[in-house]
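In what follows, a structure is listed as structure tokens, so that the remarks can point back to it.
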Amino acid sequence: MTMRSEALTMTKDGRLSAMKARFFGPTARQKLLAFASLVLLLIFFSFASPVFMQIDNILGILQSTAVNGVLAIACTFVIITGGIDLSVGTLMTFCAVMAGVFLTYWELPMWIGVVAAIATGALSGVVSGTLIAKMKIPPFIATLGMMMLLKGLSLVVSGTRPIYFNNTENFPMISQDSLIGLALPNLPIPNAVLILFALAALASVVLNRTALGRYTFALGSNEEAVRLSGVNVDRWKIAIYGLGGSICGVAGLLIASRLNSAQPALGQGYELEAIAAVVIGGTSLSGGAGTILGTIIGAFIMSVLTNGLRILSVAQEWQTVVTGVIIILAVYADILRRRKV
Amino acid sequence: MTMRSEALTMTKDGRLSAMKARFFGPTARQKLLAFASLVLLLIFFSFASPVFMQIDNILGILQSTAVNGVLAIACTFVIITGGIDLSVGTLMTFCAVMAGVFLTYWELPMWIGVVAAIATGALSGVVSGTLIAKMKIPPFIATLGMMMLLKGLSLVVSGTRPIYFNNTENFPMISQDSLIGLALPNLPIPNAVLILFALAALASVVLNRTALGRYTFALGSNEEAVRLSGVNVDRWKIAIYGLGGSICGVAGLLIASRLNSAQPALGQGYELEAIAAVVIGGTSLSGGAGTILGTIIGAFIMSVLTNGLRILSVAQEWQTVVTGVIIILAVYADILRRRKV
Amino acid sequence: DDIYIPLISKGFQHQFWQAVKAGAEQAAKEGNAKISFEGPETEAMVDKQIDMLSADLAKHPNAIGFAALDSKAAIPLLKKAQAEHIPVIAFDSGVDSDIPLTTCTTDNLAAAGLAADKMAEMIGDAGEVAVIVHDQTSRTGIDRRDGFLNEMKAKHPNVKIVSVQYGAGDHLKSAEIAKAMIQANPNLKGIFGANEGSAEGAAIGVKESGKKLVLIGYDSGKEQKEAIISGAMAGAITQNPVGIGKCVVESALKALKGEKLPKVIDTGFYWYDKSNITDPKVAAVLYD
Amino acid sequence: MTPLIAIRGLSKSFPGVRALSDVQFELMAGEVHALMGENGAGKSTLMKILAGVYSRDAGEILYDGEPVSFSSPRAAQAAGVGIIHQELQLMNHLTVAQNIFIGREPRRLGVFLDEEKLNRQARDILEHMNLQLNPRAVVGALTVAKQQMVEIAKALSFNSRVLIMDEPTAALNNAEIAELFKMIRELKARGVGIVYISHKMDELKQISDRVTILRDGEYVATVPTQTTSMESIISMMVGRTLTEKPRAENATPLGDVALEVSNLNCGPLVRDISFTLRKGEILGFAGLMGAGRTEVARAVFGADKVRSGEIFVDGAKAAIKSPQQAVARGIGYLSEDRKRYGLATSMDVESNVVMSDLGKFLSLRFFLRKLAIRETVTKFINLLDIRTPSATQEVRLLSGGNQQKIVVAKWLVRDCEILFFDEPTRGIDVGAKNEIYKLLRNLADRGKAIVMISSELPEILRMSDRIVVMCEGRITGELLAKDATQERIMQLATQRETLNAA
Ligand SMILES: Nc1ncnc2c1ncn2[C@@H]1O[C@H](COP(=O)(O)OP(=O)(O)OP(=O)(O)O)[C@@H](O)[C@H]1O
Ligand SMILES: Nc1ncnc2c1ncn2[C@@H]1O[C@H](COP(=O)(O)OP(=O)(O)OP(=O)(O)O)[C@@H](O)[C@H]1O
Ligand SMILES: [Mg+2]
Ligand SMILES: [Mg+2]
């Protein structure tokens with residue numbers, strides 16, 4: 001059983017990455033080296049615990065990566081511009097709460113809730129972007145302020161209690177059911193994971209093949225030069241933060257669907273995890289460089305690490321210590337790799 | 001009564017700021033405009049609540065600024081170099097825990113505990129600095145990793161329980177007693193506040209009148225140019241992080257002395273508050289510019305705001321919202337001011 | 001093979017949870033079982049708790065102890081446990097479902113109600129009172145707050161609650177909140193701190209403000225015990241966390257042996273003050 | 001005929017500086033109009049106002065006789081006014097093609113970028129300019145010279161009616177300059193009006209029709225180039241007559257060997273480099289762009305990791321692994337890219353000048369001696385005639401040429417025995433250039449050993465006692481000053497390895 005599922009996972013991973021390599025732009029091959037840390041972790045935990053590579057646990061890891069992965073994708077755009085977004089966690093929550101308001105309080109159809117969550121995210125992103133682009137407030141502070149603002153608003157709007165999606169029967173499906181499982185009953189990969197990968201592919205296309213992506217890199221490289229080239233820098237910046245916000249809306253839907261509720265107090269602290277995933281994935285905090293594939297790998301490094309330490313029943317305080325050390329080492333590995341290449 | 005204490009506070013403030021203006025370097029006069037936001041808040045809360053300007057409450061605000069103010073001073077150095085330190089909060093806790101280990105577990109004399117806390121901070125700062133300078137790990141990630149590492153270590157070392165300073169009778173004096181109160185019984189300003197101001201003055205001297213300070217600015221302005229000027233950039237950077245760490249050690253002593261215990265689970269979240277204070281005070285997150293006076297004002301803006309909202313019994317969720325908005329506005333005000341000058 | 005029972009709690013850094021852990025470890029030792037104990041950093045992190053539950057289920061444990069942050073969110077995983085015939089023992093607050101074989105719990109609402117009665121008694125059944133709670137959204141926070149508030153409203157109409165604020169269980173924040181409350185309400189007669197950090201922080205705040213007022217705490221802890229002995233704190237409610245921990249593991253072991261369990265096991269709560277703190281029955285449930 | 005651009009009564013002040021006052025300027029279609037003036041005269045500021053980067057305080061700008069006021073570079077560009085900035089404004093992480101077409105990317109289906117077409121168009125432009133540049137090359141990895149080419153290519157690609165070139169040739173060699181001039185003539189023939197700013201006086205006669213001269217932010221005169229002598233233009237610029245002295249023969253005999261480099265290897269551009277440098281000598285390093293002169297200097301200075309080779313200072317073997325060690329051994333290096341490697345631009349003049357030798361200005365090895373610093377800095381401000389409102393002005397607010405002088409001052413303060421000057425006069429006006437020449441000569445006379453890297457052959461010929469010529473990372477020859485000619489140097493500078501083998 002263990003052997004079979006192990007093999008299964010490996011080929012899946014192999015195929016996936018091959019697809020991604022073709023998909024995620026020309027520097028992808030080089031970036032695949034970022035797998036090294038991930039593979040090392042996987043190997044270590046497989047040897048350390050027979051449970052780790054079992055299909056159930058792998059599915060658990062995949063599921064637990066979804067939310068952080070999506071948030072990390074949102075952060076990737078912003079970080080490539082040389083900015084930062086500390087509000088992603090609480091924005092996710094606020095979007096979930098807004099979905100709850102539309103679906104549970106107002107009893108509207110599910111698709112409206114989905115649209116509302118994403119629109120809320122986009123709107124909040126546009127506000128952050130405007131603060132940054134028009135009012136010249138440093139991204140760190142603008143999004144820190146937004147983080148607090150949204151945290152408060154989530155509590156206000158929800159009346160400080162969770163909103164349950166009892167009226168919307170299909171809501172949990174968004175994240176928990178498995179479309180793949182219908183076709184391959186042995187591989188009930190939850191939809192959340194599909195959404196993560198679909199979003200990653202989409203984000204990769206946007207980043208590498210559209211004007212928005214081009215300006216994302218350009219702004220991070222030299223904003224003044226872009227401005228002097230006659231590009232409407234402010235508008236693009238706002239658009240990028242808006243895009244990031246709408247991706248947070250997707251994260252909000254995923255987490256709400258997974259918990260079948262909007263938990264208004266949740267969210268703070270998630271931003272650091274997302275940013276860590278982005279940087280572990282090789283995106284530079286000083287802007288101008290980064291890939292979605294790297295981010296996804298970074299998110300997996302984080303969740304594999306967390307899961308593995310749990311599986312080994314490492315004492316929780318030591319888990320924190322180890323996670324801190326591994327984050328540093330993973331980024332260091334990435335730095336060494338780039339120095340060599 | 002209200003009137004009198006108000007007048008009292010105002011002249012005190014006036015004298016203090018006059019002293020500071022002379023003390024804190026040539027750009028100080030210009031920086032005094034940063035007071036604007038603070039004064040506005042003070043005026044608003046004085047009108048909104050008769051209680052706000054009472055001497056007891058003012059003393060309370062002063063006391064409550066101490067820890068965040070000291071952490072913000074630590075952050076100021078690092079931020080001026082263009083770096084960031086996310087570990088200040090948990091480092092403070094770890095230093096407090098180490099003080100507890102020396103004083104309560106090993107029953108050593110108080111001064112050893114004080115030295116131990118500050119040395120612990122310096123050591124941890126040196127580790128962060130080394131990760132950043134030698135291993136080229138971005139400050140955000142290096143200190144995020146350290147933040148987690150230290151959080152875990154605090155729990156490990158303390159055995160996940162508070163350490164009480166019962167053996168060290170004079171320990172609470174560090175923060176709570178009032179040297180000034182001995183001379184002026186009407187003005188029992190707690191020692192914590194004295195320590196804050198003394199540290200601020202010292203930090204200001206270091207920043208403006210020493211080689212370390214000069215390199216702090218220079219590193220933030222153009223690190224490569226400094227390196228090519230033949231300066232040992234790595235050594236200075238490590239020294240700056242070390243200095244920041246040792247200041248966190250002071251914060252650890254202040255909080256431990258105030259709570260008469262080292263609370264190992266506390267600390268996360270304090271870093272964002274400290275960074276917010278620094279930036280509100282006009283220090284640029286991109287490095288190269290900043291003042292200690294500004295940071296202190298920033299810290300007071302934060303604590304006045306928190307205290308005022310509590311005094312008004314504003315609902316907690318709205319407190320969060322308002323704080324977020326005010327942080328953004330305060331920084332915006334600073335930006336406008338600088339644009340005009 | 002050893003029997004393995006993971007406990008997923010609501011937190012791990014607070015003394016309360018550490019005491020639950022200690023109780024569970026004690027029972028596990030007696031019953032020759034192995035346990036692990038894990039909980040998210042804050043009681044808001046519902047999804048992290050679900051991840052923990054998921055990882056623990058993957059270990060194919062013999063039984064599971066679970067203190068749900070949000071019981072509805074955990075139901076899919078609990079169903080999975082049921083399908084795999086893993087007995088689930090709920091603790092602290094109940095899981096809204098019939099999957100758990102039993103729930104080791106205290107009635108937080110009633111316990112906080114008792115705190116309200118004591119408070120009213122000590123301030124002469126009239127006057128202003130404030131409440132410092134550790135969390136605005138978690139079950140324990142809500143229950144303790146509402147238990148206190150409802151009891152006052154129902155039984156002590158002359159006692160006015162002037163402020164309810166939240167300090168995240170952080171000693172420093174709670175101390176600042178207490179000071180601000182005292183400042184804003186000069187006639188304040190009492191403060192209720194709804195968990196260890198809130199109560200101990202409040203004690204510091206009260207001490208610094210130099211006022212004398214009735215402080216009632218919740219949970220136990222070295223500082224709190226000393227404050228009660230010294231008179232700085234009038235008294236406190238304690239649950240029996242060690243008992244809860246024991247109850248979880250013992251119930252799980254019983255379930256594995258096929259014994260039938262009652263739907264709820266009340267581990268009880270106690271009022272303790274200067275007068276009864278050394279009483280062996282009370283002392284047994286205190287911890288630090 | 002209405003002028004394409006007419007500027008009247010233009011004024012502009014920055015805090016503490018009156019950059020322009022009542023300036024006028026006129027540009028006809030099909031004209032190359034040179035704008036001349038000393039460092040800080042206000043040339044760049046004037047052009048930035050025209051291009052919509054800064055707003056003006058007073059005055060008017062007529063474009064085709066219509067008053068205009070461009071609120072942004074975008075507006076100016078849309079109206080057909082393009083500019084090549086003095087300081088490179090490129091996105092280092094993007095490719096050449098992406099830089100050229102930033103903001104105007106060809107698209108498919110309205111959203112997707114057409115990368116093929118982008119690269120094709122870029123290649124066309126580069127080929128038209130006769131540039132050996134791969135459109136897919138990442139700009140950050142290019143040399144300053146090539147980056148400058150990218151800037152030019154970008155500006156040309158706009159098909160502007162007015163094209164402003166602010167020191168476009170500062171980083172180019174003669175062949176490249178010739179190529180650029182060819183382009184300019186083509187544009188001129190198409191009726192484009194070109195504003196040309198340069199400190200290289202010889203270029204004026206070659207390319208410009210008229211010259212407008214600014215001095216200290218004020219308009220001095222506009223004269224036709226052909227009928228005006230160079231001397232009178234210079235005297236209008238500096239307000240006095242300059243006498244350019246021919247190369248002074250080295251009066252003092254050369255001293256001992258100060259620096260010996262043997263078989264130095266470091267990357268592809270430093271291959272088997274050996275040379276000696278004597279006290280009191282100015283050793284010129286000549287070569288084409290990309291020859292590796294900068295890399296040699298950086299390798300000796302410890303800024304890059306050396307693969308192999310030895311360095312002897314004063315006859316003793318020196319292990320130099322970092323700039324710090326180099327400076328400790330008395331070696332200084334003035335980088336060619338002042339903004340990136342030379343200056344902390346957000347700091348004030350004072351801090352920059354004492355940066356490399358702060359130790360000298362400390363008491364108790366820790367506290368700054370502010371008075372001593374101020375004194376020294378004031379001395380150098382006067383010595384080098386640095387135009388700054390005060391010693392505490394932020395460096396980024398100074399004009400390009402004055403920034404360069406601050407880099408020079410920084411190394412003069414340190415008083416190194418061996419100095420590498422990498423393009424020391426880039427962007428410096430004629431008057432100041434003379435000052436720097438005098439200074440270099442002075443230093444040499446005082447026994448300092450100097451390496452001067454320069455792409456301007458006249459400068460090399462005028463200043464050097466001995467000339468080393470590099471090509472593709474190797475030293476291809478060494479000439480004594482008396483044997484050196486431009487032709488001889490160019491021959492060595494193009495002596496490629498492949499040709500050698502054949
Ligand atoms: N943004 C600014 N803020 C303050 N002062 C400025 C600013 N830009 C330019 N100046 C000042 O305005 C004056 C004119 O500068 P400008 O750059 O136009 O000179 P320039 O003629 O181009 O000189 P160079 O030949 O050295 O490039 C200088 O004194 C400079 O210090
Ligand atoms: N940062 C860099 N990264 C990669 N390659 C670089 C970098 N800087 C320079 N190069 C390469 O080094 C080569 C030569 O550099 P450089 O032009 O500085 O030499 P040089 O002889 O000093 O020329 P110049 O006359 O321009 O000073 C260029 O071909 C360029 O590709
Ligand atoms: Mg200029
Ligand atoms: Mg060069």
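- The contact between A:L155 and chain C is made entirely by side chain atoms (from C-beta outward), counting heavy-atom distances below 4.5 Å.
- Taking C:E250 as the reference, nothing meets the side-chain hydrogen bond (donor to acceptor under 3.5 Å, both in side chains) condition, with sequence neighbours excluded.
- Between chain A and the options C:M45, C:Q13, C:K72, the largest number of non-hydrogen pairs under 4.5 Å is found for C:K72.
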Might you work through the salt bridge (charged side-chain N to carboxylate O under 4.0 Å, His left out) test for A:R161 and C:D70, ending with a clear yes or no?
CA-CA 11 Å; A:R161 50 176 47 92; C:D70 186 302; over 6 Å; no
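- Considering every non-hydrogen atom in both C:D47 and A:L259, the closest pair reads CA-CD2, 3.9 Å.
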Pair A:D56-C:E84, side-chain contact (heavy atoms from CB on, under 4.5 Å): steps then yes or no:
CA-CA 12 Å; A:D56 274 3; C:E84 292 181 17; 4.0 Å; yes
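- Contacts between C:Y166 and chain A at a heavy-atom distance below 4.5 Å are absent for every atom of the residue.
- Taking the ring axis of A:Y270 as reference, the NZ or CZ atom of C:K48 stays within 45° of it and closer than 6.0 Å to the ring centre.
- By the 4.5 Å heavy-atom criterion applied to side chains, C:D51 and A:T306 are not counted as neighbours.
- Looking at C:T137, the atoms closer than 4.5 Å to chain A (heavy atoms on both sides) sit in the backbone and in the side chain alike.
- Interface remark: C:P76 contributes side-chain atoms only to the contact with chain A (heavy atom separation under 4.5 Å).
- Within residues 307-319 of chain A, the residues having any heavy atom closer than 4.5 Å to a heavy atom of chain C are A:N307, A:R310, A:I311, A:S313, A:Q316, A:E317, A:Q319, listed by residue number.
- Residue-environment remark: NZ (C:K80) exceeds the threshold of 12 foreign heavy atoms within 6.0 Å.
- Rounded to the nearest 0.5 angstrom, A:N57 CG and C:S54 OG are separated by 7.0 Å.
- Heavy atoms closer than 4.5 Å to chain C are found in the side chain of A:Y164, but not in its backbone.
- With a 4.5 Å cut-off on non-hydrogen atoms, A:N260 does not touch chain C at all.
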